[in-house]
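As structure tokens, the structure follows; a few thoughts come after it.
For ligands, and for the atoms within them, numbers begin at 1 and follow the listed sequence. These numbers were taken from a predicted model, which means no experiment stands behind them. When a residue number appears, it is its place in the shown sequence, counting from 1.
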Amino acid sequence: MTKKWWHDKVVYQIYPKSFYDSNGDGIGDIPGIIDKLDYIKDLGVDVIWLSPCYKSPLADQGYDISDYYSIDPRFGTMEDMERLIAEAKKRGICVLMDLVVNHCSDEHEWFRKACEEPDGKYGNFFYLRDKKEGKAPTNWRSCFGGSAWDDLPGTDKQYLHLFHKKQPDLNWENPEVREEVYKNINWWLDKGLGGFRIDAIMNIKKALPMHDYAPDREDGMCSIGAMLKEAQGVGEFLTEMRDRTFRKYDAFAVGEVFDANPDAIDALIGEDGYFSSMFDFNEAFFGASEKGWYDATLITPDDYKRCCFESQARVGDIGFLSNIIENHDEPRGASHYIPEGDCCAESKKMLGALNFMLRGLPFIFQGQEIGMENLPLTSIDEVDDISALDEYKVALNAGLTPEEALKAVSRFSRDNGRTPMQWSDGVNAGFTTGTPWLKVNPNYTSINAAAQVDDPDSVLSFYKELITLRKDPAYKETIVYGALKPAWEDRHNLMAYYREKEKTLLVIGNYQKQEQEITLPSPYKKVLLNNYHDIATDNETIRLHGYQVLILEM
Ligand code: GLC
Ligand code: CA
């Protein structure tokens with residue numbers, strides 16, 4: 001495998017709206033990120049990924065862009081963005097932005113022009129179809145509920161939106177659209193970005209001609225999954241994009257790829273892949289149901305282990321996965337992957353270490369490093385997430401009581417990851433002096449960065465140790481490039497694996513509150529990391545404490 005500059009990095013995802021508000025309007029902003037760069041530097045990460053801060057009506061919190069060349073005034077100015085890139089660089093940190101080009105906003109000038117003149121140049125920037133009374137062009141359900149088609153205002157046509165109706169899909173079949181996209185990517189790379197995280201990118205290729213698929217719910221519609229599976233040729237677009245943009249700059253590009261076909265791994269992230277890396281969503285999507293969130297199966301520790309190992313085996317040393325336990329679309333990892341009632345500093349550290357030591361690129365989502373948890377909801381009125389609001393309706397329609405529906409939504413709501421970063425136990429968790437745009441998690445009085453920064457036993461300090469270990473010259477080669485071999489694979493509530501290259505490391509997590517004993521095949525040389533102060537062992541048999549995690553050099 002050819003070594004790349006980004007292989008040994010650790011990435012920190014920032015959700016700008018909720019990170020730090022510098023001017024008291026209740027909305028996090030770019031100057032706020034600059035204010036917190038030293039915190040990020042101190043954590044030890046070397047790359048930050050910003051969720052979108054381009055000009056946007058924020059119908060989907062910035063994933064609906066109305067101008068790819070400007071920063072939304074709520075987040076700051078272009079000068080702020082340039083200053084952020086420069087200040088980050090001074091600290092050895094490179095910046096990734098979010099590339100959202102499957103769709104734009106219905107407030108983008110292209111869409112406005114398409115409405116004015118549907119048969120003109122900009123009509124062909126979108127997927128337009130003639131309107132037929134009472135029948136949408138296809139029975140596709142948008143990812144946020146309802147038909148994927150809406151009327152093109154002022155015309156007799158309809159337009160396609162795989163996501164919200166304020167997110168019209170761009171027609172990638174049109175070379176002019178692709179040129180616009182590449183021009184924009186290069187414009188940003190010229191500003192000194194390290195690369196991009198690429199949103200919903202596998203959706204850019206539609207199966208044509210468009211047609212109906214078998215309905216999968218009572219509404220007579222189907223999710224877009226079947227259509228995407230049928231779509232052929234996305235690779236041509238992705239190759240062209242890579243060659244015209246990222247490759248010229250040796251930029252890093254991580255794709256939001258769901259449902260990757262095992263045969264496609266090499267094409268996606270191999271030596272000559274479309275992307276540098278792609279996220280592993282195997283754990284996140286475990287238990288998902290076609291019916292909706294209310295019908296999801298909750299993940300157990302054994303499922304979690306199986307999902308991680310499956311992904312690792314599938315990718316092997318073909319390329320680099322990007323490993324996450326949470327992001328701005330997912331529940332907090334601590335609340336989701338740790339059995340109910342067991343969420344505590346030890347279990348959070350265990351989960352962090354098990355994920356962090358997998359082969360691939362570790363991503364940390366803001367607040368994960370201090371162990372932030374899901375937001376307890378008391379009413380649906382507290383929900384902002386458009387996806388959660390739709391899922392609430394779906395649950396009610398399926399016959400759940402409002403309480404049950406709220407519970408289902410609380411588990412998966414994207415707001416869980418979007419509540420303001422908990423900086424301190426001060427007003428609004430130190431996030432803003434104004435009124436926060438989204439409710440602060442009431443647990444901020446006990447879970448916050450200020451309380452953890454000088455505490456050697458905190459979750460935050462543990463994450464710093466994990467990052468330091470990944471960078472340690474003695475272990476780096478093994479942690480970054482070493483093969484992963486599962487150990488005691490069938491043992492209930494135990495997740496363990498070897499990482500092998502120059503060194504042999506053994507990562508062991510006791511994924512339960514009860515103690516459990518293991519016998520090592522040979523005595524270990526050294527304990528590299530431990531979330532407890534002691535290790536109960538005679539060097540071959542270890543009696544693991546509840547949720548104890550160990551990284552051993554063998
Ligand atoms: C991606 C984003 C998500 C957004 C969607 C549509 O999945 O991560 O937040 O809603 O794409 O852009
Ligand atoms: Ca602000």
Side-chain angles (χ1 to χ4, degrees), residues 13-36 49-54 56-66 68 71-77 80 96-106 108 142-145 148 160-170 196-204 223-225 228 254-259 278-279 281 284-285 288 322 324 326-331 363 365 384-391 412-418 420-421 428 430-438:
Q13 181 191 352
I14 294 177
Y15 196 70
K17 199 171 182 188
S18 305
F19 193 57
Y20 184 60
D21 174 21
S22 70
N23 61 354
D25 65 356
I27 296 176
D29 45 54
I30 297 171
I33 301 174
I34 298 173
D35 287 347
K36 295 295 184 185
W49 148 32
L50 309 187
S51 276
C53 41
Y54 310 91
S56 163
L58 305 188
D60 185 23
Q61 298 305 355
Y63 284 90
D64 48 320
I65 299 170
S66 55
Y68 289 94
I71 297 295
D72 194 275
R74 282 164 285 199
F75 296 129
T77 62
D80 293 331
L96 311 177
M97 284 180 83
D98 219 303
L99 183 67
V100 190
V101 288
N102 170 68
H103 44 266
C104 59
S105 160
D106 67 342
H108 194 288
S142 99
C143 298
F144 298 141
L160 177 71
H161 59 87
L162 296 185
F163 293 91
H164 192 261
K165 64 172 191 258
K166 284 185 72 64
Q167 295 170 297
D169 279 57
L170 286 165
F196 287 95
R197 172 266 187 186
I198 314 179
D199 188 71
I201 191 63
M202 304 310 272
N203 294 11
I204 59 175
S223 83
I224 55 164
L228 293 176
V254 52
E256 188 191 31
V257 180
F258 302 126
D259 244 2
M278 63 182 183
F279 292 106
F281 291 116
F285 287 2
S322 286
I324 57 162
E326 62 203 53
N327 66 22
H328 65 291
D329 292 330
E330 297 298 327
F363 274 61
F365 178 62
D384 170 82
D385 171 24
I386 49 180
S387 185
L389 293 169
D390 170 60
E391 293 284 352
F412 295 102
S413 169
R414 303 192 301 173
D415 288 346
N416 285 314
R418 301 177 180 184
M421 173 73 186
N428 300 321
F431 162 71
T432 179
T433 53
T435 308
W437 74 276
L438 187 66

Distance to 0.1 Å, residue and atom name: give those for the protein heavy atom nearest to [atom].
| atom | result |
| --- | --- |
| atom 10 (O) of ligand 1 | D60 OD2, 2.4 Å |
| atom 2 (C) of ligand 1 | D199 OD1, 2.9 Å |
| atom 9 (O) of ligand 1 | D329 OD1, 2.6 Å |

Could you tell me whether ligand 1 has any atom less than 4.0 Å away from a heavy atom of [X]?
| X | answer |
| --- | --- |
| R197 | yes |
| R414 | yes |
| H103 | yes |

Atom [atom1] of [X] and atom [atom2] of [Y]: how far apart are they, to the nearest 0.5 Å?
| X | Y | atom1 | atom2 | value |
| --- | --- | --- | --- | --- |
| L162 | N102 | CG | CG | 5.5 Å |
| R418 | D329 | CZ | CG | 5.5 Å |
| F412 | D385 | CZ | CG | 13.0 Å |

- Any Lys/Arg nitrogen of R414 or D60 sitting under 4.0 Å from an Asp/Glu carboxylate oxygen of the other?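 D60 and R414: salt-bridged.
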- Assess N23: does it contribute an N, O or S atom lying under 3.0 Å from the Ca ion (ligand 2)?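 Short answer: yes, at least one N, O or S atom is under the cut-off.
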Show me which atoms of ligand 1 lie under 4.0 Å from any heavy atom of [X].
| X | value |
| --- | --- |
| R418 | 9 (O) |
| H328 | 2 (C), 3 (C), 8 (O), 9 (O) |
| F144 | 10 (O) |

- Task: Answer yes or no: is there a donor N or O on one side and an acceptor on the other, between the side chain of E256 and the main chain of A200, under 3.5 Å?
- Result: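 Looks like yes, one N/O pair under 3.5 Å.
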- Would a distance-only check, ignoring hydrogens and angles, find a side-chain to backbone donor-acceptor pair under 3.5 Å from D35 to G32?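 No: the side chain of D35 does not pair with the backbone of G32.
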- Item | Part of E330 within contact of ligand 1 (heavy atoms, under 4.0 Å) |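 It is neither part, as no heavy atom is under 4.0 Å.
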- Please work out whether any backbone atom (N, CA, C, O) or any side-chain heavy atom from C-beta onward of E256 is under 4.0 Å from ligand 1, and answer side chain, backbone, both or neither.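 The part of E256 near ligand 1 is the side chain, not the backbone.
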- In D25, what N, O or S atom is nearest to the Ca ion (ligand 2), if we give its atom name?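 The atom in question is OD1.
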- Using only N, O or S atoms, tell me which atom of D21 is closest to the Ca ion (ligand 2).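 Minimum-distance N/O/S atom of D21 relative to the Ca ion (ligand 2) is OD1.
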- Item | Angle subtended at the Ca ion (ligand 2) by OD2 of D29 and O of I27, nearest 10° |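 Output for this angle: 90°, rounded to tens.
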- Query: Heavy atoms, side chains only, cut-off 4.5 Å: are F279 and I324 in contact?
  - Reply: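 Touching, per the 4.5 Å side-chain cut-off.
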- Query: Between F144 and Q167, is any pair of side-chain heavy atoms under 4.5 Å apart?
  - Reply: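 The answer is yes, as the side chains (C-beta and beyond) meet within the 4.5 Å cut-off.
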- For atom CG of D25, is the number of surrounding heavy atoms from other residues, nucleotides or ligands below 6.0 Å larger than 12?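 It does: D25 CG has more than 12 such atoms within range.
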